[in-house]
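Count residues from 1 along the sequence. It should be emphasised that the depicted structure is a prediction, and the values quoted were computed from it without experimental measurement.
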Amino acid sequence: MLTRARTRRARPARRRGAAAVLAAALAGAWLPLLAPPAHADEIRDRQRGVLDELGMDAAWKVTKGGNVTVAVVDSGVDPNQKDIAGSVTVGPNMLAAIDGGSKPAHLHGTNMTSLIAGHGHGPGGRAGIIGIAPESRVLAIRVIGEKEDPSYARYRSSREAEDAVAKGIRYAADHGADIINLSLGKISVPGRDTEIPAERDAIGYAIGKGVVVVSAVGNNGDDSGLVDGDGFSPYSYPASYPGVIAVAATQPSHERAPFSNRNLSVVLSAPGAGLPVAGPGDSYYVSDGTSDASALVSGIAALIRARHPNMAPALVSQALIESTRFGPKNGYGPDVGFGEVNAERALNAADTLAKGASTASAGRPGGKRFGDRDPGPVTIVHRPVWVTPTVIAVTLIGVGGVVGAAVIALAFHRRHPRAVPAGMAPPGPGSPPGPPGGGFGPPQARPGPGGGGFGAPAPRPPAPAPPVTSGDTPRQPGGAPPAFAPPDPAGTRPPGTARSVPPAPGARPSFGAPDEPPGGPPA
């Protein structure tokens with residue numbers, strides 16, 4: 001449910017004369033006026049401190065916002081209020097179905113309009129509220145309800161109101177708005193999705209059409225139930241959407257007002273405590289809130305657009321940021337963003353940005369961009385007809401050659417496996433295990449009796465043949481069995497087959513052919 005980004009407590013204004021009091025207009029309640037309004041000149045006097053802080057006298061010497069339209073997408077505006085009469089165009093009521101023919105109060109929207117485009121009344125317009133851009137025009141679009149509306153209960157319970165803000169933004173973008181002021185918001189709380197896709201899309205649509213969008217960050221900064229352990233307040237939408245200039249409120253000391261939301265959506269800040277505003281009819285109020293701060297920034301943006309009608313929204317935002325004062329020492333903070341905005345400095349910054357943009361976009365005349373001489377006509381080189389087929393054919397031949405070579409290499413590998421070097425044949429069944437080592441690369445030497453490694457056995461003296469008896473297993477001296485051959489069980493040797501000859505003591509066994517057949521020459 002959308003609510004007004006307004007203050008929370010009512011307080012009457014102090015006055016110096018015998019006229020009646022100003023009543024404060026707050027988020028949840030508006031106090032009825034107990035007496036006729038204060039003299040209008042006293043209202044202007046109450047504005048003087050804020051106007052001086054914003055540098056308005058110097059800014060108005062440059063422009064007062066003529067030919068600029070600010071869309072106040074809010075609760076509706078009383079166009080007959082004397083401080084804004086003649087400056088308001090009443091747009092559509094996006095809550096008409098909910099209002100059902102009842103008459104809305106138009107409180108909040110009239111307040112914001114007076115801060116943006118109020119021109120005062122009386123001789124020379126010296127009485128009443130004067131806005132930041134007194135010569136600008138306002139397009140009033142009703143998209144939110146307030147407690148004073150007869151239809152407020154239906155507004156709170158109706159889902160038809162969800163897309164009202166998005167519709168209002170799109171209408172404003174399509175009907176000549178240069179600035180859109182959104183002094184409204186909906187805070188994000190755990191377990192509740194506060195982002196509205198249609199609203200986000202509408203803001204993107206407006207910015208894409210060159211419209212500057214300004215919004216209030218919300219008034220929950222001193223609500224202990226919503227502020228987290230790091231002192232951060234909930235994010236508010238639409239202020240937290242990309243491209244929106246999110247505005248916090250400051251006190252006369254230039255510090256963050258306690259009620260102003262503190263989070264990283266804050267871009268900059270403006271005075272938002274104790275501001276006199278105009279209400280419907282002849283009423284005036286004292287107001288606190290980020291809504292009021294947002295309206296002041298929208299007014300300064302209108303001055304920039306009056307001075308530079310085609311300046312992009314991003315550059316308008318940059319000019320506002322460069323105008324700030326009283327900001328954090330490190331340049332930015334979640335309390336007041338880059339600092340408190342100033343109208344005079346914003347116009348100077350906009351002039352500098354516009355000059356830079358103009359210089360950057362300017363180039364040499366068309367005939368001089370390629371040198372002082374006329375480059376003449378461009379020569380077109382025609383490609384012969386045979387080039388394309390030739391390139392295709394060469395490419396196909398190259399690809400086919402690579403594929404063919406790969407196929408041939410694979411077939412050759414399968415038919416001619418790698419040969420194992422001599423002396424490295426894997427052992428067969430019953431053969432003794434060989435030494436560790438791979439089958440690739442040169443053979444490695446292995447120390448042992450007689451030296452050598454793999455390959456042909458080293459020469460050695462013939463060993464004497466020990467006496468052999470039928471059915472006995474050959475023995476080495478001392479009765480040890482042969483080292484590299486299993487014993488022949490009696491009767492297992494085929495007839496006529498020679499017995500194996502055990503190696504001589506100290507001789508190195510060979511993995512090759514035997515040195516001498518059994519029955520060789522005696523030692």
Side-chain angles (χ1 to χ4, degrees), residues 1-9 11 24 26-28 50 53-54 108 112 115 181-195 199-200 203 213-275 287-298 300-301 317-318 320-342:
M1 192 65 240
L2 290 169
T3 60
R4 294 170 297 156
R6 291 283 287 140
T7 94
R8 305 139 306 111
R9 60 186 180 283
R11 55 191 174 86
L26 308 182
V50 173
E53 287 293 345
L54 296 178
H108 191 259
M112 300 304 105
L115 290 174
N181 182 73
L182 298 170
S183 289
L184 47 83
K186 181 179 180 182
I187 63 171
S188 175
V189 295
R192 188 179 72 183
D193 184 13
T194 56
E195 293 191 44
E199 198 171 286
R200 176 193 284 267
I203 288 174
V213 182
V214 183
S215 183
V217 299
N219 301 318
N220 309 104
D222 57 355
D223 188 337
S224 59
L226 295 175
V227 177
D228 66 17
D230 296 322
F232 281 80
S233 309
Y235 286 88
S236 177
Y237 296 92
S240 298
Y241 288 129
V244 177
I245 302 173
V247 184
T250 57
Q251 307 177 83
S253 62
H254 310 295
E255 297 176 342
R256 178 182 69 91
F259 56 80
S260 182
N261 280 10
R262 177 182 184 270
N263 56 51
L264 297 178
S265 72
V266 177
V267 175
L268 44 79
S269 56
L275 303 185
S287 178
D288 299 325
T290 57
S291 284
D292 310 80
S294 175
L296 296 183
V297 173
S298 290
I300 297 175
S317 178
Q318 184 64 33
L320 292 169
I321 291 172
E322 292 186 12
S323 79
T324 55
R325 304 180 299 168
F326 313 114
K329 293 181 179 180
N330 64 351
Y332 176 83
D335 291 72
V336 296
F338 289 99
E340 189 177 274
V341 73
N342 179 275

Worked check of salt bridge (charged side-chain N to carboxylate O under 4.0 Å, His left out) between Glu53 and Arg325: CA-CA 10 Å; Glu53 287 293 345; Arg325 304 180 299 168; 3.6 Å; yes

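- Ser183 and Ala295 make their closest contact through OG-N, 4.2 Å (heavy atoms, listed as atom of the first residue, atom of the second, distance).
- Between atom OG of residue Ser236 and atom CG of residue Leu184 there is a gap of 8.0 Å, rounded to the nearest 0.5 Å.
- In this structure, NZ in Lys186 is found 13.0 Å from OG in Ser240, a value given to the nearest 0.5 Å.
- Residues Pro238 and Val213 are not in side-chain contact: their nearest non-hydrogen atoms beyond the backbone lie 4.5 Å or more apart.
- No hydrogens or angles considered: nothing links the side chains of Ser323 and Asn342 as a donor-acceptor pair under 3.5 Å.
- Between Ser294 and Asn181, some side-chain heavy-atom pair lies under the 4.5 Å cut-off.
- Atom OG of residue Ser233 and atom CG of residue Asn220 lie 7.0 Å apart, to the nearest 0.5 angstrom.
- Separating the CG atom in Asn263 from the CG atom in Asp230 is a distance of 12.5 Å, to the nearest 0.5 Å.
- Distance alone, capped at 3.5 Å, places no donor-acceptor pair between the Ser298 side chain and the Val214 backbone.
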Quick one, Ser260 with Asn219, criterion side chain to side chain donor-acceptor pair (under 3.5 Å). Give me CA distance, side-chain angles, the key distance, then yes/no. CA-CA 5 Å; Ser260 182; Asn219 301 318; 6.0 Å; no

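- When all heavy atoms of Val267 and Tyr332 are compared, the closest pair comes out as O-CE1, 4.4 Å.
- The backbone N or O of Ala270 lies less than 3.5 Å from a partner atom in the side chain of Thr250, making a donor-acceptor pair.
- A donor-acceptor distance shorter than 3.5 angstrom exists from the side chain of Thr290 to the backbone of Gly218, with no hydrogens or angles considered.
- Between the side chain of Asp228 and the backbone N or O of Gly231 there is at least one donor-acceptor pair closer than 3.5 Å.
- For the atom pair Tyr237 OH and Ile203 CD1, the distance stands at 11.0 Å (nearest 0.5 Å).
- Within the 4.5 Å cutoff, the side chain of Gln251 has heavy atoms near those of the Pro258 side chain.
- The side-chain heavy atoms of Leu115 and Asp292, taken from C-beta on, include a pair separated by under 4.5 Å.
- Here the closest non-hydrogen pair linking Phe259 and Gly272 is CZ-O, 3.5 Å.
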Check the pair Tyr241, Glu195 against side chain to side chain contact (heavy atoms under 4.5 Å, CB included), reporting the backbone distance first and the verdict last. CA-CA 9 Å; Tyr241 288 129; Glu195 293 191 44; 3.8 Å; yes

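- The side-chain heavy atoms of Leu264 and Tyr235, taken from C-beta on, include a pair separated by under 4.5 Å.
- A cation-pi arrangement, defined by a distance under 6.0 Å to the six-membered ring centre and an angle within 45 degrees of its axis, is present between Arg262 and Phe232.
- By the 4.5 Å heavy-atom criterion applied to side chains, Pro271 and Glu340 are counted as neighbours.
- Residues Leu296 and Val50 are in side-chain contact: their nearest non-hydrogen atoms beyond the backbone lie under 4.5 Å apart.
- Val266 places none of its side-chain heavy atoms less than 4.5 Å from the side chain of Asn261.
- Put simply, the side chain of Ser269 gets close to the backbone of Gly339: a donor and an acceptor are under 3.5 Å apart.
- Nearest heavy atoms, Ala239 versus Ala246: O-CB, 3.6 Å.
- Of all non-hydrogen atoms in Leu268 and Ile321, the two that sit nearest each other are CD2-N, 4.1 Å.
- The backbone N or O of Leu182 sits less than 3.5 Å from a side-chain atom of Ser215, completing a donor-acceptor pair.
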